[in-house]
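First up is the structure itself, then whatever we jot down about it.
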Amino acid sequence: MNKTHLIINKKALKANYELIRSKLNDDCRVIGVVKANAYGTDAISVAQQLINFGVEHLAVAYIDEGIQLRNAGISKPILVFYPQIDNFKALIDHQLTPSIYSFTALAAFKDVVTKAGKATFPVHIKVNTGMNRLGFEISELKELSKRLENKVLNVHGVFSHFAASGTPAHRDFTRYQIDRFQQAVHHFKQDFSSDILFHLSNSSGILSYPEAAYNAVRAGIALYGYGNHPQEDRQLQPVAELFATIIQLRTVHAGDSVGYERAFMAKKTCRIATLSIGYADGIGRIYGKGCAIVKVNGKSAPTCGNICMDTMMVDVSGIDCEEGDMVKVFGNDHSATSFDAYQQSIAYELITRISDRVPRILK
Ligand SMILES: *Cc1c(COP(=O)(O)O)cnc(C)c1O
């Protein structure tokens, strides 16, 4: 294929899944996180692959993402991390599992469940242990138990989220979050049935805090081949590989500029390649002016000037290449982590932003 495209590497996905599994006890469930189009790949085909590997639970961010999976025939439990109250009816109609994170959400959801004529509906309770984004405070759990007494909401899971499990400098804070979560686990074990899924760890948690695995974990970025753990990271394999082609090559001379705002000024003669990919495809302007490199026939070519909407220019001086050649924007041997634009971005952001204009190929 000789145009811009994104390969989804099934073998890499499987290898990453197996690496994650190898860190966990056999009875620990992996909740496969496929939000944001499975981190910029393809939610439906990745979900199907994960189910083939034996994954029993999936998670998405928003209700519409869950509906998309249901419409594709996926019938496993799907947890919705950030359901919105005005869309609860659609969530129930599609048998999605909401995260209940506040008394307001709880009351609203109970109402919709009752109106839909259901006696009970499964939910996961979100507890805030220090991220301060969503969730009940530990001090609210007593009151929460009372409001759950009528069993309209059936607690299938209790979870919390790490703020900095990938940042070694915050180890003490992460341990504090584990302690807080332990309090919530204790509370729910006393007040509720025994088969609740307790899950705290995201990818970095799985890799760095095995003691926090409980009976389930939520694996996102590690499935796609990235993490924050210096050793384990090397074993993970990027699933997405993004390719573009060289549309045109030209030589510029000292004093010539390249691209909008003339952001690149040649100090000497250089060879410039124009690629078939730009910010409308997801390569943000933050990566311009040398803040990222692509691989041209195995050699590193830095971005040159500002990224354009549909194209970008790279400096291929001294690199053997021709018009029509395929360029690897990122992929297995050229990680998206090299696109951090001097710490102003992270791999998560780059990979989840690859737009719908780029065709996906499952391989
Ligand atoms: C996105 C997300 C995850 C997955 O996190 P990774 O770091 O990608 O593994 C887990 N839990 C919640 C609540 C999330 O929003």
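Counting convention: from 1, in listed order, for ligands and their atoms alike.
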Any donor-acceptor pair under 3.5 Å from R70 side chain to H94 backbone: yes
Can you name the one residue among N37, V33, L79, V80 that meets side-chain contact (heavy atoms from CB on, under 4.5 Å) with V60? V80
Based purely on interatomic distance, does [X] place a nitrogen or oxygen under 3.5 Å from a nitrogen or oxygen of ligand 1?
| X | result |
| --- | --- |
| S203 | yes |
| I221 | yes |
| Y348 | yes |
| G220 | yes |

May I ask you to identify, for R133, whether its side chain, its backbone, both or neither come under 4.0 Å of ligand 1 on a heavy-atom basis? side chain
If we set the cut-off at 4.0 Å for heavy atoms, which region of Y82 has an atom near ligand 1: side chain, backbone, both, or neither? side chain
Taking the side chain as every heavy atom from C-beta outward, state whether Y214 and F181 have any atom pair closer than 4.5 Å. yes
Would you call [X] and [Y] a salt bridge, taking side-chain N to carboxylate O under 4.0 Å as the test?
| X | Y | answer |
| --- | --- | --- |
| E143 | K146 | yes |
| E261 | R285 | yes |
| K115 | D111 | yes |

Among all protein heavy atoms in this structure, tell me which lies nearest to [atom], with the distance rounded to 0.1 Å.
| atom | result |
| --- | --- |
| atom 4 (C) of ligand 1 | Y39 OH, 3.3 Å |
| atom 11 (N) of ligand 1 | R218 NE, 2.7 Å |
| atom 14 (C) of ligand 1 | K35 NZ, 3.0 Å |

Any donor-acceptor N or O pair under 3.5 Å, side chains R180, Q182: no
Contact between ligand 1 and Y224 is defined here as a heavy atom of the residue under 4.0 Å from a ligand atom; is it met? no
